[in-house]
Amino acid sequence: MRSLNRLKWLHAFEATARYGSFTGAAEELGVTPAAVGQLVRALEDWVGHPLLHRTRSGKERLTLVVEAQDALQDISQGLDCLERGLNKLRGRRARSVVLLTASQVLVMNWLMERLNRFSEIHENIDLRLNVTEKLMDVPHGEADLGIRCGKGDWPGVAKTWLMDEEAVLVCSPQIMPPAKGACGEWLASQKLIHDDTPHPGANFPTWDDVLAAANAPPALESTLHINSTSAVILAALSGRGVAIVRLALVKQLIMQGQLQQLQPEQRWPLAWSYYIVTHQHAVMRPEVKIFYDWLIQDVKSEREQQM
């Protein structure tokens, strides 16, 4: 009798072995490092001996014992075989479905309009969305394509660059000063909305950076901290204050006049870019390749129109 728990143990163990840490495996699997550690320890309890040498320092704090090194290739091949079997279940009789994954803020403010345009052209292809902040669904075949913004250093996936990104200042036209514009003094007097969402390695500007560039006096003690980029945009739309956001997420709102870009002459390029990510070794099905090519061309055409 097969045990599904053992499959979870093996999945966690294989990812930990590749990364050399519970943290790296946790980021891929979309769980906490503690959860990965618990799964690996459960496997160790079942086999009756440790599978990892644990050290307190070094880039790779976890290394495999000899028995685990011998078994890892079979485990990896077994997981790959399971994935191939799942794909065969879809078979030739499967409908033309493309499963996409993207973060909530990207779906709401950038991707959805494009999906609508694609569906108008390709009515025979069904697009399905898995809205998540995690990338683990692409390396493990749970999604055909992912749209992600970051430095592009994700393991286990192939990536194709779509466009670069920059940060901009925005506010609602309701609070935009009628005459002077968004001068430093005006900025310092506004409620400053802080996006507390992590932006690791993006060189995302802080309000101190922005106010210094605007030669602004010390800001008033009036701030709003939000740990969701979507909520930051909503707060700016409702006139709660001034926000620093990624341009791609608010470009349409600026064009529609719902948000006002402040100090457009000031540029804040980010070290993050947008990419399409795919499984590193998977061959795209025809419908997936159609959407992949279409999205690249759609973004390229938009970029050329703005040059």
Side-chain angles (χ1 to χ4, degrees), residues 11 28-30 79-150 152-165 229-230 233 246-256 272-307:
H11 198 181
E28 178 178 310
L29 300 179
L79 292 173
D80 290 340
C81 187
L82 284 173
E83 183 180 332
R84 288 194 296 271
L86 286 171
N87 289 333
K88 287 179 181 178
L89 290 177
R90 302 175 78 171
R92 294 182 180 179
R93 298 175 59 189
R95 297 181 61 193
S96 294
V97 175
V98 179
L99 181 56
L100 304 170
T101 177
S103 65
Q104 182 183 36
V105 67
L106 194 61
V107 169
M108 291 174 57
N109 298 282
W110 186 84
L111 184 58
M112 187 59 71
E113 180 186 356
R114 286 172 166 79
L115 299 187
N116 292 338
R117 292 205 302 268
F118 177 85
S119 295
E120 290 174 358
I121 302 171
H122 300 278
E123 297 180 354
N124 61 324
I125 299 178
D126 291 339
L127 298 177
R128 299 182 184 176
L129 269 175
N130 180 8
V131 181
T132 175
E133 306 296 325
K134 302 298 181 182
L135 192 64
M136 54 81 62
D137 40 5
V138 174
H140 292 92
E142 297 170 24
D144 297 309
L145 300 170
I147 316 297
R148 286 292 184 267
C149 185
D153 53 353
W154 307 291
V157 297
K159 64 181 185 296
T160 302
W161 175 85
L162 284 173
M163 60 183 183
D164 292 329
E165 182 57 296
T229 300
S230 294
I233 295 172
R246 284 157 35 201
L247 176 59
L249 305 180
V250 294
K251 183 179 294 183
Q252 192 67 24
L253 295 172
I254 294 172
M255 293 174 60
Q256 294 170 351
W272 280 8
S273 297
Y274 292 91
Y275 298 89
I276 303 180
V277 295
T278 59
H279 189 287
Q280 197 166 25
H281 303 296
V283 177
M284 293 186 198
R285 303 190 318 278
E287 59 269 31
V288 177
K289 187 67 165 59
I290 288 172
F291 179 80
Y292 173 89
D293 291 340
W294 179 89
L295 183 60
I296 291 175
Q297 184 57 47
D298 184 72
V299 175
K300 179 181 178 182
S301 298
E302 182 181 276
R303 189 169 59 247
E304 291 174 347
Q305 290 173 7
Q306 295 170 355
M307 292 178 63

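Along the sequence shown, residues carry numbers from 1. All heavy atoms count here, side chains included; hydrogens, waters and symmetry mates do not.
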Distance, nearest 0.5 Å, that separates CE of Met284 from OG1 of Thr278: 4.5 Å
Below 4.5 Å, heavy atoms only, C-beta onward: do Tyr274 and Leu106 meet side chain to side chain? yes
Distance-only side-chain donor-acceptor flag, Thr101 / Arg148, under 3.5 Å: yes
Under 3.5 Å, is there a donor-acceptor pair between the side chain of Asp144 and the main chain of Leu99? yes
Using residues 290-297 as the side-chain source, report each donor-acceptor pair under 3.5 Å to any protein atom, sequence neighbours left out, with the distance given to one decimal.
residue	atom	partner	partner atom	Å
Tyr292	OH	Thr160	OG1	2.6
Asp293	OD1	Lys289	NZ	3.0
Asp293	OD2	Lys289	NZ	2.8
Gln297	NE2	Ser301	OG	3.1

Only one of Val97, Val98, Ile125 passes side-chain contact (heavy atoms from CB on, under 4.5 Å) with Val288; say which it is. Val98
Tell me whether Arg285 contacts the main-chain N or O of Ser96 through its side chain, where contact means a donor paired with an acceptor under 3.5 Å. no
Looking only at heavy atoms, what is the nearest atom pair of Lys159 and Val277, with distance? CB-CG1, 4.1 Å
CE-CH2 distance between Met163 and Trp110, expressed to the nearest 0.5 angstrom: 5.0 Å
Between Trp154 and Tyr275, what is the ring plane arrangement, given parallel below 30°, perpendicular above 60°, and tilted in between? perpendicular
From CD1 (Ile147) to CG (Leu111), nearest 0.5 Å: 6.0 Å
Nearest 0.5 angstrom please: Arg246 CZ to Cys149 SG, how far? 4.0 Å
CD-CG distance between Glu113 and Asp298, expressed to the nearest 0.5 angstrom: 8.5 Å
For Glu302, what residues pass the side chain to side chain contact (heavy atoms under 4.5 Å, CB included) criterion, not counting sequence neighbours? Arg114, Lys251, Gln306
Report yes or no: does Arg303 contribute a side-chain atom to a donor-acceptor pair with the main-chain N or O of Leu162 at less than 3.5 Å? yes
Can you tell me if CD on Glu123 sees more than 12 non-hydrogen neighbours from other groups inside 6.0 Å? no
Out of curiosity, Leu115 CG to Leu129 CG, how far, rounded to the nearest 0.5 Å? 5.5 Å
